[in-house]
Every structure is written in structure tokens, then in C-alpha cells.
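Below is one structure, written out as C-alpha cells; the observations come after it.
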Amino acid sequence: MQLNSLKDLYVEQLRDLYSAETQLVDALPKMAQAASSTDLKKAFQNHLDETRTQKQRLEQIFSEIGTSPEGETCKAMEGLIKEGEQVIQANGDPKVKDAALIAAAQRVEHYEMAGYGTVRTYANELGFSNAKSLLQRTLDEEGNADKKLNSLAEGGIFSTGINEKAMAR
Ligand code: FE
Ligand code: ZN
Ligand code: FE
Ligand code: FE
């Protein structure tokens, strides 16, 4: 890895995120399939659509700076997805499994939020204003996905949370 400038670091960080999103396009359908709550299933499917768009945004950013998005593997996302797969394969109560899927998915969203916050800031400092706004859009989506998972776990005035359902056995 050659890190001589903030631009080098920016490209490296973007490639890491591109690898992470690529892995998630494969993983999210499995998470959706493993979920038993229809709301949780929908949340995963909806975030799968967003994730495909996020991948395209990164492709657009790479094409604007004339470099390839390939060349890196996000090891952290490999690990987070492995943990998710352990949940997918687990036996037991489906409601507890749903709570565990949320726990795994929120780790993923927080990892992405950290990554996108960083590259958004670099894009701003490097003067890539279009990239900055594309990255901010993705950062907002990751934040909203995390909030959605929170509300499914905790419930609200009109709905029982998945955590409470998992408790009541
Ligand atoms: Fe994402
Ligand atoms: Zn990564
Ligand atoms: Fe990483
Ligand atoms: Fe995400």
C-alpha cells in the first residue's frame, strides 16, 4: 500500500468501502431470508436496494477521478459477515434469532458509518464536491438503516419490539 498523499489514502479508503458494499450485496439477501419478522425482512431487502445504489455511487466517484474501484478486500467486513452467518445458521427461537440478526447488522452499519464519515471528510478537504455530496447521501442512508434497526428492536407506542418478543418465552 502506497500512502504518499491524502488522495492516496482517500482512494484506499474508498476501495475498502467498495469491497465492503460488494460483500454486503451478497450477504443481505441471506439476512433477509433468515429473518422471521416480516418487518425485519423488509428492512433488509430495502437496505439491499440502497446498498446496490451505494455501490454505484462509489463507481461514479472512481470514474470521476479516473481510477479503478477494485484491488482491495475489506477484512473487517469479511469478519462481520462471518459473524452474521453464524447467526443465520444458528438453531433456536426465531425471535431470539431476529434479535441476533439485528445485533449483527448494526455492527455492519456502524462500521460503514465510520468509513463513510472519513471519506466524506477527505472528499471535502480534497475539493471533490460532487463526491462529497454522494458520500454524504450514503452516510445518511447507513445512519437511517441503523435507526430503523433500533426501532424494530425496541418497538414503539403501536408495536412491540423484537427484543421484547425475544424476552417473552
Ligand atoms: Fe452500505
Ligand atoms: Zn473495511
Ligand atoms: Fe477495513
Ligand atoms: Fe449499510
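All ligand and atom numbering here is 1-based and tracks the order in the structure. No experiment lies behind these values; they were computed from the predicted model shown.
- Note that OG of Ser19 and CG of Leu24 are 9.0 Å apart. Values are rounded to the nearest 0.5 Å.
- Between OE1 of Gln54 and OE2 of Glu21, the angle at the Fe ion (ligand 1) works out to 80°, rounded to 10 degrees.
- Taking the Fe ion (ligand 4) as reference, Glu112 places its N/O/S atom OE1 nearest.
- The minimum distance between the Fe ion (ligand 4) and any N, O or S atom of Glu109 involves atom OE1.
- A donor and an acceptor atom, one from each side chain of Asp140 and Gln136, are located under 3.5 Å apart.
- Side-chain contact of His47 with Glu141: a donor-acceptor pair under 3.5 Å is absent, judged by distance alone.
- Computed with the Fe ion (ligand 4) at the centre, the Glu142 OE1 to His47 NE2 angle is 90°, stated to 10 degrees.
- Residue-environment remark: CZ (Arg57) exceeds the threshold of 12 foreign heavy atoms within 6.0 Å.
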